[in-house]
Amino acid sequence: ERCLAFHCDITAMPLAQSVPAPVHLATLVFVLSAIPPEKIPAALHNVFEVIREGGVVFFRDYAQYDHAMLRFKPRHKISDNFYVRQDGTRAYYFSVEVARDLFTAAGFEILALEVVD
């Protein structure tokens, strides 16, 4: 198999149970923003455990001060940069600094990290 798509709770379940490690690439597209901020370090550590040396994580998510963040009413704010939508789903808005700190603390080397308009 060259590509394996799957779903799991990356905050609680070891990824090695779902995917044959090590992997070359992991994509986290609007994944981390849906996780409570206090669980993001565990999720990233979990991903780090299955990435091979020289592997890459593609991270795409909401950025701090994104237009969608600025539209939230004060009553939707759970904590700094963390909001609940009307449908009950949650969204965390990352600053470059917070994202860098989270990935670095999990053991990743940052190759590129920027906000794209």
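What you are looking at is a predicted structure, and each value in this text was computed from that prediction instead of being measured. Along the sequence shown, residues are numbered consecutively beginning with 1.
- Note on ring orientation: taking the six-membered ring where Trp is involved, the planes of F30 and Y62 are tilted (angle from 30° to 60°).
- Across every non-hydrogen atom of N46 and L15, the tightest pair is OD1-N, 3.0 Å.
- By the neighbour-count criterion of 12 heavy atoms within 6.0 Å, atom CD of E38 is densely surrounded, having more than that number from other residues, nucleotides or ligands.
- Using a 4.5 Å heavy-atom threshold, the side chains of F59 and D61 count as touching.
- Scanning all heavy atoms of the two residues, the minimum distance from V96 to L113 falls at O-CD2, 3.5 Å.
- How far CD of E109 is from OG1 of T104: 9.5 Å, rounded to the nearest 0.5 Å.
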**OP:** Kindly determine whether T89 and V84 satisfy side-chain contact (heavy atoms from CB on, under 4.5 Å), including the steps that lead there.
**Re:** CA-CA 6 Å; T89 59; V84 62; over 6 Å; no
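- Using a 4.5 Å heavy-atom cutoff, the side chains of Q64 and F94 are not in contact.
- A continuous path of hydrophobic side-chain contacts links V115 to V31 [ILVMFWY only; heavy atoms under 4.5 Å].
- Around CG of D117, the count of heavy atoms belonging to other residues, nucleotides or ligands within 6.0 Å does not exceed 12.
- Counting heavy atoms from C-beta outward, P14 and E49 have side chains that stay 4.5 Å or more apart.
- Interatomic distance, D66 CG to R71 CZ, rounded to the nearest 0.5 Å: 8.0 Å.
- Hydrophobic clustering keeps M69 apart from I78 (ILVMFWY residues linked when any side-chain heavy atoms are closer than 4.5 Å, directly or through intermediates).
- You'll find the side chain of Y92 reaches within 4.5 Å of the side chain of V98, heavy atoms only.
- In this structure the side chain of I51 reaches within 4.5 angstrom of the side chain of F108, judged on heavy atoms.
- For the pair L102 and P41, the minimum side-chain heavy-atom distance is below 4.5 Å.
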Original post:
What do the steps show when you test V57 against L28 for side-chain contact (heavy atoms from CB on, under 4.5 Å), and what is the final call?
Top reply: CA-CA 7 Å; V57 173; L28 299 175; 3.8 Å; yes
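- F82 places a side-chain heavy atom less than 4.5 Å from the side chain of R90.
- Neither side chain, R85 nor H76, offers a donor N or O lying under 3.5 Å from an acceptor on the other.
- With a 4.5 Å cut-off on side-chain heavy atoms, F48 and F103 do not count as touching.
- Heavy-atom minimum distance, Y93 versus A68: OH-CB, 3.7 Å.
- Heavy atoms only, all atoms of each residue included: H45 and A106 are closest at N-CB, 4.0 Å.
- L44 is not connected to V56 by any chain of hydrophobic side-chain contacts under 4.5 Å among Ile, Leu, Val, Met, Phe, Trp and Tyr, and they are in different clusters.
- Residues Y83 and Y65 fall into different hydrophobic clusters, defined by Ile, Leu, Val, Met, Phe, Trp and Tyr side chains chained together at heavy-atom separations under 4.5 Å.
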